[in-house]
There are 2 protein chains.
Amino acid sequence: MTRARAPTLHTVARAAGVSTAIVSRVVNGHYHGMSAATRARVEAAVDRLGYFPNRAARSLRTSRHHRIALIAVDSSPEFLADPFTTYVVAGLSNALSEQDYGLLVQRLNRRAPLDMLLMRAQDADAITLFMSGPQDERLVLITRFRELGLPLLVFQETLAPIPDDVCVVRQDDRAGGRWLGERIRGLGLSDVLAVVPELAWPAIEARLAGLRDGLDEPGSLTILKVAETDMQAVSTALDRQLAAHVPEAIFASNDQLAAQSIGALARIGREVPADVRVSGFNCLPITGTVHPPLTTIRSPAFALGTRAADLLVRRLAEGRFETKELVLPVEPQAGQSL
Amino acid sequence: MTRARAPTLHTVARAAGVSTAIVSRVVNGHYHGMSAATRARVEAAVDRLGYFPNRAARSLRTSRHHRIALIAVDSSPEFLADPFTTYVVAGLSNALSEQDYGLLVQRLNRRAPLDMLLMRAQDADAITLFMSGPQDERLVLITRFRELGLPLLVFQETLAPIPDDVCVVRQDDRAGGRWLGERIRGLGLSDVLAVVPELAWPAIEARLAGLRDGLDEPGSLTILKVAETDMQAVSTALDRQLAAHVPEAIFASNDQLAAQSIGALARIGREVPADVRVSGFNCLPITGTVHPPLTTIRSPAFALGTRAADLLVRRLAEGRFETKELVLPVEPQAGQSL
DNA sequence: GTGAAAGCGCTAACAC
DNA sequence: GTGTTAGCGCTTTCAC
């Protein structure tokens with residue numbers, strides 16, 4: 001049994017005894033100066049035949065796709081499974097669905113050729129970007145993507161000046177870092193170990209900058225870079241670092257690393273917060289509960305996604321971004337670890 | 001400054017002094033019986049002009065889109081942020097990207113009208129489905145989506161018989177439940193509290209069925225349904241239940257709920273595993289570390305996604321699914337909580 | 001070995 | 001108020 005070919009505008013037009021133009025207008029809700037009778041007849045035919053407009057034909061004709069591309073530039077296949085990313089994407093996808101836009105998810109390996117992706121990104125109305133890697137690499141990517149002529153929305157980027165038709169959406173990482181730094185300083189501690197992912201990431205830099213702001217007189221700040229994607233490697237790195245020197249406080253660049261730090265301290269018999277203080281960052285529901293409850297910074301990740309969706313949809317309607325940069329506040333969360 | 005119109009096949013053809021047919025063939029790698037010189041000339045022109053084929057036109061012509069839709073039927077806007085879902089989607093999106101397919105993510109509210117979505121799903125080559133809700137609702141959805149005539153791949157569904165051109169990909173939840181049940185039974189415990197999400201979900205049923213298999217003689221099995229999306233509500237429900245009766249073991253239907261259960265037990269001064277045993281399910285890297293280390297079941301969520309991608313791509317190439325159902329094994333993970 | 005031409009299904013300007 | 005028509009950019013058959 002071969003499935004019946006899907007009905008087209010023509011089929012419906014014939015069935016309703018009108019021209020395709022009329023059907024097109026009805027389907028698109030342009031009832032201006034149309035008799036109620038015709039409209040009713042067409043609507044009946046549409047229902048009867050189960051007609052759906054062919055999106056590819058429509059896209060070809062109008063060059064609008066009702067689709068936003070999300071490109072994650074990362075070397076880890078599990079990029080989507082990071083708690084922060086996950087919430088941003090959830091918010092984005094959700095808000096877009098609500099406004100009848102689709103989200104096209106694609107991963108770009110930092111070392112893979114761009115062309116395939118550039119080509120695939122073509123059938124979206126705009127592009128959103130999640131980038132790790134050093135600043136110059138990120139700039140190259142932004143430039144390349146801009147060449148497609150599509151509006152670009154970049155998450156968690158710190159970039160000045162922001163190029164034309166590009167919008168940055170981020171949280172105030174620096175303020176979060178500062179709050180923690182001030183707290184550490186308020187406790188009279190100055191020997192701090194910062195645990196950050198190996199792969200540079202602008203938000204992490206901002207958190208560290210904030211930490212420095214807050215500490216003010218940066219007694220001794222040591223930076224430990226860990227390969228975040230490999231739990232085992234993180235443990236090993238922490239163990240080795242702590243064997244060499246135990247700091248007064250550990251500033252972890254996210255809650256997962258904070259949990260790991262508490263674990264590593266436990267392995268050498270140090271308690272949190274009694275012996276060593278530990279702070280986290282991003283505090284998302286998906287990140288499991290840690291003991292003791294973390295002093296951390298609550299991230300508006302989901303809202304970052306929904307706000308980005310609104311910005312994009314409006315950009316597409318109005319022709320320009322209403323703002324070049326949207327910075328959402330973070331919320332300090334006092335726990336018992338710091 | 002108006003952006004120059006993107007080059008089309010025609011532009012390239014004129015630049016290379018050949019017909020559009022030739023350019024099309026070169027772009028698609030159909031070099032059969034073509035002179036090396038022509039090919040080279042066309043390739044040069046393509047490079048020089050920075051030509052990319054228009055995907056919408058191609059789709060219209062070929063009715064292939066190189067795109068898979070992922071539709072999550074759930075009432076929670078944060079559906080994507082569930083650890084299990086997150087890993088499946090990460091695997092899927094990643095494997096699809098590698099095979100030059102895009103993943104189009106869309107959420108469907110259980111109460112929202114289907115039509116909009118059915119329409120949007122049109123521009124994909126196949127549909128993957130994540131569904132919660134009662135069995136009859138799920139069946140209706142499968143039927144409706146099948147009407148689009150697209151291949152359908154459903155995650156974590158237990159369904160018999162499986163309809164035509166539909167493929168189910170799931171993990172062996174029942175075996176996982178059974179392993180835990182047997183362990184509980186081996187410890188000589190029989191007063192068990194199962195904590196499950198309010199909203200029915202076939203995988204959860206399977207885990208419970210497995211638990212019953214394992215317990216064999218189901219002393220006393222109480223089921224507590226909680227509104228999983230609301231942390232606060234979960235705590236409250238657990239507190240109330242434990243105030244009424246403290247079981248010998250808690251079978252949580254996922255690790256997040258297990259963590260919550262341990263917390264609730266701590267609030268009434270009960271220790272795990274000394275006073276009460278607790279088991280989890282799904283054990284994914286993103287789910288934070290719990291203390292004590294959970295006895296749980298390790299889920300192949302990421303692999304579920306990558307395998308699904310392969311199945312889909314092959315289905316599209318060959319015309320039929322090579323298997324109607326793919327069940328991946330789970331791996332028991334002995335911890336200290338049970 | 002290469003080209004001409006039909007047509008995928010739709011929208012919108014214009015004619016009636 | 002409704003219909004005619006010209007493409008949007010591409011693939012593919014068939015003719016040369």
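What you are looking at is a predicted structure, and each value in this text was computed from that prediction instead of being measured. Protein chains get the first letters and strands the later ones, always in sequence-line order, with residue 1 at the start of each.
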Using a distance-only test with no angle check, is there a side-chain donor-acceptor pair under 3.5 angstrom linking A/Gln99 and A/Asp310?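 Yes - a donor-acceptor pair under 3.5 Å links their side chains.
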I need the minimum non-hydrogen distance between A/Val166 and A/Lys324, along with the two atoms involved.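 Of all heavy-atom pairs spanning A/Val166 and A/Lys324, the closest is O-NZ, 3.7 Å.
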B/Ala13 and B/Thr20: which non-hydrogen atoms are nearest, and at how many Å? CB-N, 3.8 Å
For DNA chain C, which nucleotides open and close the run of contacts to chain A, 5' to 3', at under 4.0 angstrom from a non-hydrogen atom?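 First-to-last contact on DNA chain C, by the 4.0 Å heavy-atom rule, is C/dG9 to C/dA13.
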Check: B/Ile68 main-chain N/O paired with B/Thr128 side-chain donor or acceptor under 3.5 Å: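 No, B/Thr128 side chain to B/Ile68 backbone: no donor-acceptor pair under 3.5 Å.
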Sequence-distant partners of [X], salt bridge (charged side-chain N to carboxylate O under 4.0 Å, His left out), two or more places apart:
| X | result |
| --- | --- |
| B/Asp125 | none |
| B/Glu157 | B/Arg138 |
| A/Arg64 | none |
| A/Arg61 | none |

Which residues satisfy the side chain to side chain donor-acceptor pair (under 3.5 Å) test with B/Arg307, sequence neighbours excluded?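 Partners of B/Arg307 by the side chain to side chain donor-acceptor pair (under 3.5 Å) criterion come out as none, since no residue qualifies.
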For A/Glu43, enumerate each residue passing the side chain to side chain donor-acceptor pair (under 3.5 Å) test, keeping only those at least two apart in sequence or located in another chain.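 Partners of A/Glu43 by the side chain to side chain donor-acceptor pair (under 3.5 Å) criterion, ordered by chain and then number, come out as A/Arg39.
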Tell me which residues in residues 38-50 of chain A put a heavy atom below 4.0 Å from DNA chain C, sorted by number, or none.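 Of all residues in residues 38-50 of chain A, none places a heavy atom under 4.0 Å from DNA chain C.
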Hey, what bend do you get for the helix from C/dG1-D/dC16 to C/dC16-D/dG1 if you fit axes on five pairs at each end, rounded to 10°?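 So the angle between the two local helix axes works out to 40°.
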Letter by letter from the 5' end, nucleotides 6-13 of chain D scores (B base, S sugar-phosphate only, - none; protein heavy atoms under 4.0 Å) BBBBBBBB
Using ring pair (Phe, Tyr, Trp, His ring centres under 6.0 Å) as the criterion, list what pairs up with B/Phe84, not counting sequence neighbours. none
Any pair counted as ring pair (Phe, Tyr, Trp, His ring centres under 6.0 Å), so long as it reaches residues 301-325 of chain A, sequence neighbours left out: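 Output for this query is empty, none listed.
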